**Q** 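This is the structure I have questions about; it appears just below.
Here the structure is a predicted model, which is why all the values come from computation and not from measurement.
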Amino acid sequence: MTVQVAPPPGVESGNRPPKAAAKAQKQREALARKEILAPVSGMLTVASLIVAVASVCSVVPFLLIVAACRELLNTPVDTDRVWWLFGAAVIVLVTRALLQAVALTWSHAVDAGYQLTLRRLLADKLTRVPLGWFGERSSGEVKNYLRDDVEALHYLVAHARLEFVGALVVPLVTLGYLVTVDFRLTLVLLIPLIAYFVLFGKIMDRDGRDRLAVYTRWERRTAEATIEFVDGIQVVRAFGQAGKAHKEFQDAVDGQVNAAHRMKMPIIRVQSASDIVVMPVFVMLVVVLGGLAGVWLGWVDPLDMLPFLLVGLGIGSSLLGLGYGSQALRAGGAAALRLHELMQTPELETAATEATAQTGIVRFEGVEFAYRTGHDVLRGIDLELTPATITALVGPSGSGKSTLAKLLPRFYDVGAGRITIDGRDIREFTSEELYHTVGFVFQDVRLIRGSIRENLLLAKPDADDDAIERASTAAQIHDRILALPRGYDSEIGVDATLSGGEAQRLSIARALLADTPVLVLDEATAFADPESEAAVQDALAALVAGRTVLVIAHRLHTITGVDRILVLDNGAIVEQGTHPQLRAAGGLYQQLWEINEAALGTLALVEGTR
């Protein structure tokens, strides 16, 4: 039995015909929009009703003016009625402006509140997804969810429904009135409207959505490349790879520019044509030509052309907003789909039971696991970790070492079997209780923007200065912190720029401060300076009294003194024992040891020639 990790949002499984895939994508976006916007649907309905009334008020003044013009052509002219009609038109126009302002203010207030609520919901959601979810995504992708995608919903919330209501009500009211004047001229007026909708359909076709999807992917890639380029500039320059790193960033920017060009150029051409056919001048030309033909044939009274020239010309203006908002509508739909899929991400399930005193006995019982590829990463893992011992995991690259270690703090849940601490399944722990029980330090160090002290206090908010300094001293980072401008109050990225080894030692200090009974270290000294590596190892060894420690080692000389070594190969434990026992066995561990020794010899030779 294996567990399948869901593919990233937007990744399709299997192959579908283009039309079927486009239809399915459109249906998913429609469902996502409906569910994502459900909390504000009722409030937007109120705003839509206000806009509907405002849209009627935008047509009524022209009808009153037409009536006034007809009265002016009568003999004798009823001037009081003319003034009344013009006054009523002004009042209706003012009412329309007030209603439109109220509706827009209402929708923007709803949008502002919804964005805040949605960001809080997403942040809360991200506290409940497996930690492995973050390992599969860059910080740029997470930022896109919380900022860019939420902002992309602005048009859907604050504008889309209101513009749609306006674009629907104004033409219906106008055409309904004009039909009563002359149905034949009304049919003539429909010609530019039909042409507009045909052209507008080309803007919203599947090719347009595909081009937008490509552009969105390039936009995200550029954001990720920017973050990687800035964050890694020191490393790539140190190794003379600045040109390569810059090229990757430049390629991403060029790709985004090209995708933007391919997306926008067809839209610009079609949108320009659609704008022309509903421009007042073009509509007037069509109405005049149709009206003159009707007058010449005796079908139309010349006076009946007046309402078509006054009222009919305004239909196009109400439709233009649809075209200009089409790209924002598609972007909002795509963002809604991504956010909807994020909200559907499986969460870590907990069935909290009464907490008991933790001694730190860890058991893996028949554990199996597979990523979304379906390939088994771990198979039939049975092992026991006991307090006051250090157990090291070694094995070839891809053997499952890091995956096994990440199962203990529930970066992922097992597909089969179970992991227990003191006989209690870790899936029964609350997240807070689990992370008070299991501490971890992995190669990918994550620090928050804030002071050194704030980063350390994440492990234990109520820790005093003495506890902080003891943990930092044990991790060989205390002296480096004191050398900073404001010591422990120095802000990372402002007062302090930490090297990779320093950042990792700070994360070790944080784990030590947490004082958890179980500790997982994934090559915790991988970036430590050679002169401080032995000191860090000694410090860790001195602090494991009463703890259960699991170490994932890539450099075998760092774990020769541990209590037990487990050798993994192809997802299974193939050897276990102490360093001398495994060397004497002459199996896989001995092969790995020889490779390790050869690598150290080469490194020493290189260092000696400098």
Side-chain angles (χ1 to χ4, degrees), residues 359-364 367 378 381-397 399-409 419 421 437-443 471 474-476 501 504-505 507-509 511-512 514-528 530 532-569 571-597 599-600:
T359 60
I361 300 176
V362 177
R363 289 189 179 92
F364 286 69
V367 169
L378 297 173
I381 301 296
D382 290 290
L383 65 95
E384 180 177 304
L385 310 176
T386 56
T389 63
I390 303 177
T391 302
L393 289 174
V394 303
S397 177
S399 61
K401 303 183 299 295
S402 294
T403 300
L404 189 151
K406 288 180 179 179
L407 292 180
L408 184 51
I419 302 173
I421 299 177
T437 305
V438 181
F440 50 87
V441 178
F442 292 122
Q443 292 187 59
Q476 300 293 310
Q504 196 152 35
R505 279 182 279 159
S507 69
I508 292 172
L512 296 174
D515 196 24
T516 57
V518 180
L519 186 61
V520 181
L521 306 174
D522 185 356
E523 194 66 86
T525 60
F527 297 106
S532 65
E533 180 179 329
V536 174
Q537 288 289 347
D538 292 340
L540 291 173
L543 289 170
V544 297
R547 289 187 184 171
T548 304
V549 180
L550 180 63
V551 178
I552 295 84
H554 305 280
R555 299 179 296 174
L556 302 190
H557 66 279
T558 64
I559 48 92
T560 56
V562 301
D563 299 283
R564 183 172 52 152
I565 300 172
L566 304 176
V567 183
L568 269 69
D569 188 25
I573 298 175
V574 295
E575 291 182 294
Q576 57 181 303
T578 63
H579 172 69
Q581 291 171 342
L582 292 174
R583 285 205 61 189
L588 177 58
Y589 181 81
Q590 175 61 19
Q591 297 175 25
L592 296 172
W593 178 259
E594 291 173 355
I595 294 172
N596 181 78
E597 289 294 287
L600 289 176

**Q** Does V520 form a side-chain contact (heavy atoms from CB on, under 4.5 Å) with K406? I'd like the steps, not just the answer.
**A** CA-CA 8 Å; V520 181; K406 288 180 179 179; over 6 Å; no
**Q** Tell me, please, which residues at least two apart from T403 pass side chain to side chain contact (heavy atoms under 4.5 Å, CB included).
**A**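 Here the qualifying residues are F369, Y371, V377, L378.
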**Q** Which pair of heavy atoms, one from V518 and one from G360, lies closest together, and at what distance?
**A**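 In this case the closest contact between V518 and G360 is CG2-CA, 4.0 Å.
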**Q** Going through the checks in order, is the side-chain contact (heavy atoms from CB on, under 4.5 Å) test met by Y589 and L556?
**A** CA-CA 9 Å; Y589 181 81; L556 302 190; 4.1 Å; yes
**Q** Under the side chain to side chain contact (heavy atoms under 4.5 Å, CB included) rule, collect the residues that match up with D569, sequence neighbours excluded.
**A**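 In terms of side chain to side chain contact (heavy atoms under 4.5 Å, CB included), with neighbours along the sequence ignored, D569 is linked to P396, V574, L588.
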**Q** Locate the shortest heavy-atom distance separating G439 from T516; write the atom from each residue and the value.
**A**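 Distance-wise, the nearest heavy atoms are N-OG1, 3.1 Å.
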**Q** Can you give me the closest heavy-atom contact between L512 and A471, atom names plus distance?
**A**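 The answer is CD1-O, 4.1 Å.
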**Q** Given 3.5 Å as the limit, does a donor-acceptor pair link the side chain of D563 with the main chain of T391, or not?
**A**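 Judged by distance alone, no pair lies under 3.5 Å.
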**Q** Kindly compute the distance separating OG1 (T560) from CG (L582), expressed to the nearest 0.5 Å.
**A**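 CG of L582 is found 12.0 Å from OG1 of T560.
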**Q** Indicate yes or no for a side-chain donor-acceptor contact from K401 to the backbone of G395 under 3.5 Å, with no hydrogens or angles considered.
**A**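 Yes, the answer is positive, given that a donor and an acceptor are paired below the 3.5 Å cut-off.
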**Q** Hey, could you give me the CG/CZ distance between L550 and F364, rounded to the nearest 0.5 Å?
**A**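 If we round to the nearest 0.5 Å, L550:CG and F364:CZ are 6.5 Å apart.
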**Q** What pairs with R363 under salt bridge (Lys or Arg N to Asp or Glu O under 4.0 Å), at least two apart in sequence or on another chain?
**A**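 Testing R363 for salt bridge (Lys or Arg N to Asp or Glu O under 4.0 Å), a comparison that skips the adjacent residues, returns E384.
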